[in-house]
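Reviewing the structure listed below.
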Amino acid sequence: MAKYGFKAPPETTASEISAILNFNSTAGIGGKRIAVFKNLLDKVKAYNKAKPGLSGRQPVLYFEDLFKAVEAKGPYINFYVKKDLFSALIIRSILKAGNNYGRNVSGKGKTIVIDFSSPNIAKPFGVGHLRSTAIGASLANIYSFCGYKVIKINYLGDFGTQFGKLITAFCFFKKGFPLSEFKDEPIKFLYKLYAGFYKEVEDESAKSTDARVKIKEWGGKDNANASATMSWRSFLETDARTRFKKLEFAMGKNKKDLNGFLKDCKSNRNLDNTKMDININSIRNIKGGNRNMNTPENYNKNGTNIDIDRDELCNFCNRRKDGAGEFAIWTRFRKLSINEFKRIYSILGVSFDYYEGESESAVFAGDIVNILLNTQIARQSMGAIIIPLDFGSSKASGKNKAENKDKYNDNNDNETAVPGLLAKSDGTSLYLLRDIVTAIIRYAKYNFDKMIYVVGSEQSLHFNQLFNIFKILAENKDKLKGGHSLLAECITGIEGKLSHVKFGRIIGMSTRKGNLVFLEDYVNEAKEKALNKIVEVTDDGRLWLHMPDSAKDKPSYYSTEIKDTALKIGLGAVIFNDLKTRRITDVNFNWDNVLSFEGQTGPYLQYTTARINSLISRICTEYGVDKDKYIKNIRSKKKAGEDEADMLHIPGTDEDFGDIYSIIKYLSLFSDVIKEAADFSEPSIVSTYLLELASLFNKYYQNYKLLGLEIETIKKRLLFLYAVKTVISSGLAMLSIPILERM
RNA sequence: GCGUUCAUAGCUCAGUUGGAUAGAGCAACAGCCUUCUAAGCUGUGGGUCGCAGGUUCGAAUCCUGCUGGACGCACCA
């Protein structure tokens with residue numbers, strides 16, 4: 001007998017128990033277990049609703065229909081369910097719902113903005129970005145499954161002091177950095193420039209070397225700003241600072257009216273209602289195996305059709321006061337980088353609703369700062385512009401306290417420890433300010449109920465500051481009422497709706513040679529491993545059993561099908577590695593672990609679905625069952641009738657029923673698992689569930705041979721297999737892990 | 001120093017809104033492919049749930065203190 005126990009504390013009254021038995025959700029009793037129990041009862045109700053002879057209006061639960069007995073034992077009340085009936089109910093509801101099985105409406109009518117991936121355009125797309133990308137993409141699917149309208153935003157790191165440095169390096173490092181490289185591999189080129197800049201600045205001799213000498217060494221002409229007394233290091237730093245300042249100045253010239261902009265955003269807010277469908281469709285596409293894989297090989301680099309004229313670009317390096325040159329160079333950096341990122345995302349099978357950049361908020365940064373200064377919410381301190389924050393204040397020793405006072409506070413009237421820094425003393429913006437502006441713009445645009453930032457835990461302080469600033473702003477909203485009522489509205493709306501979905505670091509991630517790993521190389525390494533594995537199997541003559549006919553004809557290591565399969569396996573391994581543990585846990589990176597395809601891995605799950613699929617095909621072929629027609633037949637039945645009960649009902653006396661039942665019990669939890677994953681913004685709840693489900697199935701698979709059973713018996717197993725496949729595939733799609741028909 | 005966060009088997013981790021005997025995978029060892037895909041399955045060994053108190057009928061789970069690690073702490077993002 002199956003036991004469904006849930007906790008009932010000793011003080012539980014008879015009426016409370018009665019309330020439970022009457023299926024009213026009584027919060028506070030039973031917690032998680034009552035949720036499972038209630039879910040089960042909902043299914044019974046649904047079943048009864050459809051049962052012939054019963055009125056649909058007033059579903060009646062015949063307790064004895066589903067339960068054999070109830071007993072009180074210790075702190076528990078145990079319900080003993082009739083396993084065979086329960087199993088038929090669950091299989092039926094999975095077949096009916098198909099890919100929508102487990103979907104719920106907890107987020108209906110709510111909009112959630114998910115800010116994830118967010119690569120920096122000056123740096124290669126690395127493993128840290130993969131983690132944010134994998135977690136974010138998966139949360140988008142999970143929330144979407146819970147009925148939320150999801151808006152996926154990629155917030156590019158396309159602005160900030162570092163871009164001054166990059167432009168400086170671009171303009172002065174001529175030798176060793178040919179522009180052809182910039183055109184072919186923009187990200188790697190920019191990364192080299194970035195690294196080159198730091199290498200130069202950190203070089204001890206740069207402190208004393210005459211800047212003019214170095215400029216010539218790098219292939220440049222004399223530069224008016226390099227005076228005789230200026231060292232190379234100081235020249236580079238000054239030049240970089242100036243260039244970013246000019247860039248931001250140039251950006252400010254595109255400035256729009258803040259109030260007008262917010263008004264426009266608000267009025268256009270509801271025009272775009274298609275986003276939810278996009279999320280749903282992206283899941284469907286993956287399931288159908290039709291995900292359009294853009295492999296590095298077939299990607300057309302000419303797609304990055306951006307005019308790069310060497311001389312023209314070099315002219316941009318020449319100094320103009322209005323920053324037009326810096327702006328032109330930066331624009332090209334940005335475009336090339338975005339194209340490159342899109343190529344990577346297409347390999348990963350991840351999409352975004354919007355690409356935004358920090359630069360977009362820079363347009364309004366000045367306005368916001370002025371407003372905050374005028375309302376005295378922000379103020380100057382040591383030349384910089386800050387918002388005093390009182391959290392995280394130091395309980396340090398007297399000495400430190402005194403130091404803090406001196407250091408952080410011009411007026412010594414406040415013991416603020418870590419203020420929010422909005423702008424530097426040279427007047428340029430900092431990213432906290434840009435995040436404030438961005439949140440305001442997004443709220444005006446999307447009117448979100450929730451916005452999550454999927455960013456590493458090392459940025460906790462930053463987001464704490466950001467959230468606290470909105471708290472302070474909301475408290476001071478009256479000061480904004482006058483000329484800024486729309487701004488005030490946004491600020492009040494935002495408060496309390498932001499959250500930082502943080503994740504741990506990747507430790508020890510480097511190539512085997514010890515350098516930084518580019519994501520693409522990482523994926524390729526996993527793909528290569530999968531290829532080798534396939535070839536290993538080939539030597540045994542097995543591969544061709546499972547590959548498409550076209551591949552059988554061309555048993556080549558390089559056949560497209562094999563390569564595609566290998567890539568999907570590699571992606572499965574790599575993505576799952578980032579999703580299998582709780583977000584907060586640091587991932588100890590180890591090539592052997594990531595490239596292992598055994599045990600708790602992505603390929604294990606992919607293998608399980610391929611295996612089920614293969615078995616389903618074999619059954620259909622050998623028994624002459626048209627699977628699609630058969631399942632469609634069940635699906636189309638509006639009411640459950642006796643014939644359907646026969647098709648679904650697996651007798652409890654069957655030898656394999658015990659194992660089937662334990663799998664079905666697990667399948668019945670899917671919806672709760674998704675909901676829980678959404679509640680905690682934790683994809684690993686789904687991945688852990690899938691591993692356990694796959695493990696249960698593989699045990700069943702190993703223990704019972706189905707081919708050879710009587711046709712009526714095996715047809716019921718066929719529906720059961722289909723149900724298992726449906727749930728695992730659904731879960732994999734939710735994690736952005738490619739599904740393989742065979743492998 | 002302050003803040004955040006983590007500590008469960010040799011290793012990597014589940015289990016944490018208090019509940020029944022703390023579970024997987026990897027590694028080790030012993031088995032299972034003429035039979036539905038062995039990227040699988042079965043079995044064995046392996047635990048003071050970091051330490052010490054507290055709350056409770058009951059604690060890996062909640063509270064306090066301690067120890068150890070990771071990350072962060074004024075013009076980088």
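The shown structure was predicted, so the numbers you read here are calculated from the model rather than taken from an experiment.
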Would you indicate what [X] reaches in the nucleic acid, counting non-hydrogen atoms under 4.0 angstrom: base, sugar-phosphate, or nothing?
| X | value |
| --- | --- |
| A/Gly157 | nothing |
| A/Ala610 | base |
| A/Thr688 | sugar-phosphate |
| A/Thr585 | sugar-phosphate |
| A/Ile385 | nothing |
| A/Tyr604 | sugar-phosphate |
| A/Leu430 | sugar-phosphate |

Using the C1' atom on both, measure B/C26 against B/A9 and round to a whole Å. 12 Å

For B/U56 and B/C73, measure between their C1' atoms and round to the nearest Å. 39 Å

Using a distance-only criterion (donor-acceptor N/O pair, under 3.5 Å, no hydrogens), is the base of [N] paired with the side chain of [X]?
| X | N | value |
| --- | --- | --- |
| A/Tyr431 | B/A77 | yes |
| A/Thr581 | B/A14 | no |
| A/Arg582 | B/U16 | yes |

Look at the rings of A/Phe670 and A/Tyr689 and say which category their plane angle falls in: under 30° parallel, 30 to 60° tilted, over 60° perpendicular. tilted

If the plane angle is over 60° it's perpendicular, under 30° parallel, otherwise tilted; pick one for A/His462 and A/Tyr431. parallel

Counting Watson-Crick and G-U wobble pairs only, both distances under 3.5 Å, name the nucleotide matched with [N], or none.
| N | value |
| --- | --- |
| B/U35 | none |
| B/A7 | B/U67 |
| B/A59 | none |
| B/C2 | B/G72 |
| B/A24 | B/U12 |

If you check the A/Glu458 side chain, which of B/A74, B/C6, B/G72 turns out closest? B/G72

Can you tell me which nucleotide in B/C13, B/U37, B/U4 comes closest to the side chain of A/Asn588? B/C13

In whole angstroms, how far is the [atom2] atom of [N] from the [atom1] atom of [X]?
| X | N | atom1 | atom2 | answer |
| --- | --- | --- | --- | --- |
| A/Lys725 | B/U37 | NZ | C1' | 15 Å |
| A/Ile506 | B/A70 | CD1 | P | 17 Å |
| A/Glu202 | B/C76 | CD | P | 14 Å |
| A/Tyr700 | B/G40 | OH | P | 20 Å |
| A/Tyr198 | B/C76 | OH | C1' | 6 Å |
| A/Asp158 | B/A77 | CG | P | 12 Å |
| A/Tyr701 | B/U37 | OH | C1' | 5 Å |
| A/Leu690 | B/A14 | CG | C1' | 14 Å |

Residues A/Asp654, A/Lys716: salt bridge by 4.0 Å N-O rule: no

Do A/Lys568 and A/Asp564 sit within salt-bridge range, that is, some charged N less than 4.0 Å from a carboxylate O? yes

Check A/Val455, A/Asn468, A/Leu498 against A/Phe463 for a side chain to side chain contact (heavy atoms under 4.5 Å, CB included) and give me the one that passes. A/Val455

About how many Å separate CZ of A/Phe503 and OG of A/Ser681, when rounded to the nearest 0.5 Å? 13.0 Å

Atom pairs, protein N/O to nucleotides 23-26 of chain B N/O, distance under 3.5 Å:
{"residue": "B/A24", "atom": "O2'", "partner": "A/Gln600", "partner atom": "NE2", "Å": "2.9"}
{"residue": "B/A24", "atom": "N3", "partner": "A/Gln600", "partner atom": "NE2", "Å": "3.4"}
{"residue": "B/G25", "atom": "O4'", "partner": "A/Gln600", "partner atom": "NE2", "Å": "3.2"}
{"residue": "B/G25", "atom": "O2'", "partner": "A/Gln600", "partner atom": "N", "Å": "3.3"}

Go through the structure and list residues passing salt bridge (Lys or Arg N to Asp or Glu O under 4.0 Å) with A/Glu237, not counting sequence neighbours. none

